[in-house]
There are 2 protein chains.
Amino acid sequence: MSYKHSKQREVIQSFLTGRKDHPTADTIYAGVREVIPNISLGTVYRNLQLLVDLGEIQKINVGDGVDHFDADVSMHHHFHCRICGCVSDVRIKALPFDLKDQLIDFDGEVETQTLYFEGVCSACKALKQSV
Amino acid sequence: MSYKHSKQREVIQSFLTGRKDHPTADTIYAGVREVIPNISLGTVYRNLQLLVDLGEIQKINVGDGVDHFDADVSMHHHFHCRICGCVSDVRIKALPFDLKDQLIDFDGEVETQTLYFEGVCSACKALKQSV
DNA sequence: AATAAAAGTAGTAATCATTACTGGTTTATC
DNA sequence: GATAAACCAGTAATGATTACTACTTTTATT
């Protein structure tokens, strides 16, 4: 059986599960407030971190200085649009090897690797061309 | 001929060039203060960004919430130690293709890609084993 | 050189994301 | 139903970064 979540945590998690973009704590806060109007931003942060620690969601970093969250914890990568700031999933063809095994002369222990892309998303690209 | 840098900018850049780790603005500030004791932290940030915009240095992100800077602008990747927080260069065997060309069903425009590794550096690993 | 314009600076205040704290409330346990 | 543990709202604090302001240095122009 699964860990019992508080009402707040449950709403936070299901809000996140319902979205394919990768909202920030602030966006999640705004969304969850529609359901629990007096929830506190600190509660959102605390529960997001707790869910990350439990492995139920993941925190993603695309170099924009803000943490994004993703209910999909399966291995995949992200794209960050430098125009609108949106973050989307990208799938990559399976590589014939693990990137961390391609390192040269490295003596430490690699535990995780992060790969993300940046540029202009298709929506912004279309917008640019229509002007 | 190259762009004329102010004294402050020159010292910041040469401080960075002299190091193989990847200091944060704060560390650079401390180092540069040994040469220009009354330099301001804002000046450090402003000039670092300016040098980034000129392409003379690069800003690197390893997911620790702080910007690191690197005088080496050639293509390479980084490793971040979750124990001591140090950031070091890693070299990777040349891939037989460009990662961004491996994306599936992606309609946007990829301009940059970031790949970094995280784990335990060799120094921390040695320390752990000696305890 | 004298001077006007531009670029740059130190110092400080403000911002933004995130974390910590505090006192009260809910939930689980005996 | 008492007692302890988990959790919360609200607020304060923190840390990195950026913005602002008034002053100084550099550059260009006469």
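Residue numbers start from 1 in every chain, and the chains themselves are labelled A, B, ... in the order their sequence lines are given, proteins ahead of strands. Keep in mind the model is a prediction, meaning the values are calculated, not measured.
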Whole angstrom is fine here: how far is it from [atom1] in [X] over to [atom2] in [N]?
{"X": "A/Tyr29", "N": "D/dT11", "atom1": "OH", "atom2": "C1'", "answer": "12 Å"}
{"X": "A/Ile28", "N": "C/dA17", "atom1": "CD1", "atom2": "C1'", "answer": "13 Å"}
{"X": "B/Glu10", "N": "C/dG8", "atom1": "CD", "atom2": "C1'", "answer": "14 Å"}
{"X": "A/Leu48", "N": "C/dT19", "atom1": "CG", "atom2": "P", "answer": "10 Å"}
{"X": "A/Gln49", "N": "D/dA6", "atom1": "CD", "atom2": "C1'", "answer": "18 Å"}
{"X": "B/Lys7", "N": "C/dT9", "atom1": "NZ", "atom2": "C1'", "answer": "14 Å"}
{"X": "B/His5", "N": "D/dT25", "atom1": "NE2", "atom2": "C1'", "answer": "17 Å"}
{"X": "B/Arg33", "N": "C/dG11", "atom1": "CZ", "atom2": "P", "answer": "9 Å"}

Excluding sequence neighbours, so at least two apart, what forms side chain to side chain contact (heavy atoms under 4.5 Å, CB included) with [X]?
{"X": "B/Asp72", "answer": "B/Asp70, B/Ser74, B/His76"}
{"X": "A/Cys86", "answer": "A/Cys81, A/Cys84, A/Cys121"}
{"X": "A/Ser122", "answer": "B/Asp107"}
{"X": "A/Ser14", "answer": "none"}

- Query: Checking all strands, does A/Asp67 fall into the base, sugar-phosphate, or nothing category for heavy-atom contacts under 4.0 angstrom?
  - Reply: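 The answer is sugar-phosphate, as A/Asp67 gets under 4.0 Å only of primed atoms, P, OP1 or OP2.
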- Query: So what does A/Gln8 hit on the nucleic acid, given a heavy-atom distance under 4.0 Å: a base, only sugar-phosphate, or nothing?
  - Reply: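 Contact class for A/Gln8: sugar-phosphate only.
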- To the nearest 10°, let me know how far the axis at one end of the helix from C/dA1-D/dT30 to C/dC30-D/dG1 is tilted from the axis at the other, five pairs an end.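 About 20°, once rounded to a multiple of 10°.
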Under-3.5 Å N/O pairs linking protein and nucleotides 26-30 of chain C:
from   : atom 1 : to     : atom 2 : distance (Å)
C/dA28 : OP1    : A/Lys4 : NZ     : 2.9

- Does A/Tyr29 have any ring-ring contact (aromatic ring centres under 6.0 Å, His included) partners at least two apart in sequence or in another chain, and if so, which?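 With neighbours one apart ignored, the set is empty.
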- Between B/Lys20 and B/Asp89, is there a side-chain N and carboxylate O pair less than 4.0 Å apart?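 Salt bridge absent between B/Lys20 and B/Asp89.
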Hydrophobic cluster mates of [X], side-chain heavy atoms under 4.5 angstrom, ILVMFWY only, any path?
{"X": "B/Tyr116", "answer": "A/Ile60, A/Val62, A/Val87, A/Tyr116, B/Ile60, B/Val62, B/Val87"}
{"X": "B/Val120", "answer": "B/Ile83"}
{"X": "B/Val66", "answer": "none"}

- Close residues, residues 35-47 of chain B, relative to DNA chain C [heavy-atom separation under 4.0 Å]: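 Within residues 35-47 of chain B, the residues near DNA chain C are B/Asn38, B/Ile39, B/Ser40, B/Thr43, B/Arg46, B/Asn47.
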- Query: Of all the nucleotides listed (D/dT17, D/dA9, C/dT9), which has the minimum atom distance to the side chain of B/Arg9?
  - Reply: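 From the listed options, C/dT9 comes nearest.
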- Item | Side chains of A/Ile28 and A/Leu48 in contact at under 4.5 Å (non-hydrogen atoms) |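 Yes, side chains in contact.
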- Query: Do any pairs count as a salt bridge (charged side-chain N to carboxylate O under 4.0 Å, His left out) and have a residue in residues 27-53 of chain A, sequence neighbours left out, and if so which ones?
  - Reply: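 Of all non-adjacent pairs touching residues 27-53 of chain A, none passes salt bridge (charged side-chain N to carboxylate O under 4.0 Å, His left out).
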